[in-house]
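Read the structure below first, then the notes.
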Amino acid sequence: MLDLIAFDADDTLWHNEILYSDAQERFQDLLAPYGLDGRARRELYETEMHNLHYFGYGTKGFALSMIETAIRLSEGQIEASEILEIIDLAKGMLSSEVRLLDRAPEVVAELAASYPLMLVTKGDLVDQERKVAQSGLGPYFANVEITSDKSEDFYRALLARHQVAPERFLMVGNSLRSDILPVIALGGHAVHIPYHVTWAHEAVGAHGGATREYAELEDIGLLPMFVQQLCQGDGAGDS
Ligand SMILES: [Mg+2]
């Protein structure tokens, strides 16, 4: 049996990465007049990785990384009006409508009837709170955890705080790095539901060196059946 089912939010319940891919494309177009060809996107990723330590995850940090990259790559030639365009790009991301993944609301409602649910997400506090509110899914979650990172230590502390044994915990998410590997390392259950776009930072190789098995579902619509089988001791692919 399970005492707690936790869901990742971005690209598990609602679309997110697609906003970043679109922004990266527009960023590249913005810098095209400076003769950078394909370099802008790659350099932006490098800057983001370097800045994670300072800014954490989310759109605000992404915006600052875009500005830094634009100034550096244009050797200071970028116009103030173009910096403003970058800021507007980020504001557009922060005010874009939340688009739920197909079947996500039905599945969350169905599982909430039988299990306590938790939402566990990284990112900017204000932005994630806005998305939870706009999604309409908030009432189904007994707890919403917005965290700076999803490490093994984070999950260990989370489970201790909620007095849930790892073997009675199931995490559902699209990122192997953040949602799956740390949870199975602790002895919990995890279901990976890949999204069609994965941020390079979250991508890990096949099974990512996992020692335990986790389940992979093609579609969140398959989750209630999986949970039922798991609770009957027949969890397909999970040990
Ligand atoms: Mg995600």
Side-chain angles (χ1 to χ4, degrees), residues 7-32 34 36 38-76 78-99 119-135 144-155 157-158 173-182 195-204:
F7 285 83
D8 166 55
D10 290 339
D11 300 320
T12 296
L13 297 178
W14 52 69
H15 297 276
N16 177 67
E17 194 52 37
I18 202 81
L19 293 177
Y20 284 85
S21 324
D22 289 350
Q24 284 156 2
E25 234 160 79
R26 286 183 56 195
F27 178 74
Q28 188 143 300
D29 292 346
L30 194 75
L31 289 191
Y34 297 94
L36 297 166
R39 242 179 85 205
R41 233 177 141 141
R42 202 171 55 245
E43 291 280 342
L44 172 59
Y45 178 72
E46 295 298 324
T47 310
E48 274 186 274
M49 288 306 99
H50 179 71
N51 285 345
L52 266 185
H53 171 69
Y54 300 99
F55 305 143
Y57 294 92
T59 306
K60 279 186 291 185
F62 178 64
L64 289 170
S65 292
M66 281 195 286
I67 292 169
E68 182 184 328
T69 308
I71 293 171
R72 194 157 35 79
L73 289 185
S74 70
E75 294 174 343
I78 190 105
E79 301 279 345
S81 63
E82 290 167 321
I83 300 281
L84 206 53
E85 273 185 59
I86 293 175
I87 293 169
D88 284 341
L89 188 56
K91 284 182 179 170
M93 294 171 74
L94 290 166
S95 54
S96 65
E97 192 191 343
V98 172
R99 285 173 49 233
L119 197 66
V120 183
T121 176
K122 292 189 297 201
D124 292 326
L125 183 62
V126 171
D127 189 34
Q128 296 300 43
E129 283 177 343
R130 170 189 73 88
K131 290 193 278 188
V132 172
Q134 220 183 83
S135 74
V144 175
E145 295 271 347
I146 301 169
T147 173
S148 59
D149 204 4
K150 287 164 147 179
S151 61
E152 200 177 318
D153 283 345
F154 162 76
Y155 284 105
L158 179 79
N174 72 297
S175 166
L176 286 175
R177 174 200 284 266
S178 297
D179 306 318
I180 309 304
L181 299 180
Y195 185 74
H196 67 278
V197 190
T198 302
W199 184 29
H201 173 65
E202 298 288 345
V204 288

Hey, could you give me the OG1/CG distance between T147 and L125, rounded to the nearest 0.5 Å? 11.0 Å
Can you tell whether the side chains of D10 and K131 come within less than 4.0 Å, N to carboxylate O? yes
Student check: side-chain heavy atoms of H196 and I18 closer than 4.5 Å: yes
With Y34, which of E82, E75, R39 fulfils side-chain hydrogen bond (donor to acceptor under 3.5 Å, both in side chains)? E82
Distance from Q128 atom CD to I146 atom CD1, nearest 0.5 Å? 6.0 Å
What's the spacing between L44 CG and M66 CE if we round to 0.5 Å? 7.0 Å
Would you say the side chain of F154 lies within less than 4.5 Å of the side chain of D149, judging by non-hydrogen atoms? no
Find out whether F55 and E48 are in side-chain contact, i.e. whether some heavy atom of one side chain is under 4.5 Å from a heavy atom of the other. no
Non-hydrogen atoms of I78 and A70 that approach each other most closely: CD1-CB, 3.9 Å
Gap between atom CD of E68 and atom NE2 of H50 - 0.5 Å precision: 6.5 Å
Show your reasoning for whether side-chain contact (heavy atoms from CB on, under 4.5 Å) applies to T47 and R72. CA-CA 10 Å; T47 310; R72 194 157 35 79; 2.8 Å; yes
K60 NZ to S65 OG distance, which is reported to the nearest 0.5 Å: 13.5 Å
Rounded to the nearest 0.5 Å, the CG atom of N16 sits from the CG atom of D11 at a distance of 5.0 Å
Give me the atom names and distance for the closest heavy-atom approach of S175 to S178. OG-N, 3.0 Å
Identify each donor-acceptor pair in which a side-chain atom of residues 85-99 lies under 3.5 Å from a protein atom, sequence neighbours left out, and give them as a table.
{"unit_1": "S95", "atom_1": "OG", "unit_2": "K91", "atom_2": "O", "d": "2.8"}
{"unit_1": "S96", "atom_1": "OG", "unit_2": "M93", "atom_2": "O", "d": "3.0"}

For residues 18-30, which residue pairs pass the salt bridge (charged side-chain N to carboxylate O under 4.0 Å, His left out) check, not counting sequence neighbours? E25-R41
Is Y57 close to L52 at the side-chain level, that is, under 4.5 Å between some pair of heavy atoms? yes
If the condition is ring-ring contact (aromatic ring centres under 6.0 Å, His included), which residues does F62 pass it with, not counting sequence neighbours? Y20
F27 side chain reached by T69 side chain, heavy atoms, under 4.5 Å: yes
Check the pair L158, V120 against side-chain contact (heavy atoms from CB on, under 4.5 Å), reporting the backbone distance first and the verdict last. CA-CA 10 Å; L158 179 79; V120 183; 4.3 Å; yes
Might you work through the side-chain contact (heavy atoms from CB on, under 4.5 Å) test for L119 and L13, ending with a clear yes or no? CA-CA 10 Å; L119 197 66; L13 297 178; 3.4 Å; yes
For residues D179 and Y155, report the shortest heavy-atom separation together with the two atoms involved. CA-OH, 3.6 Å
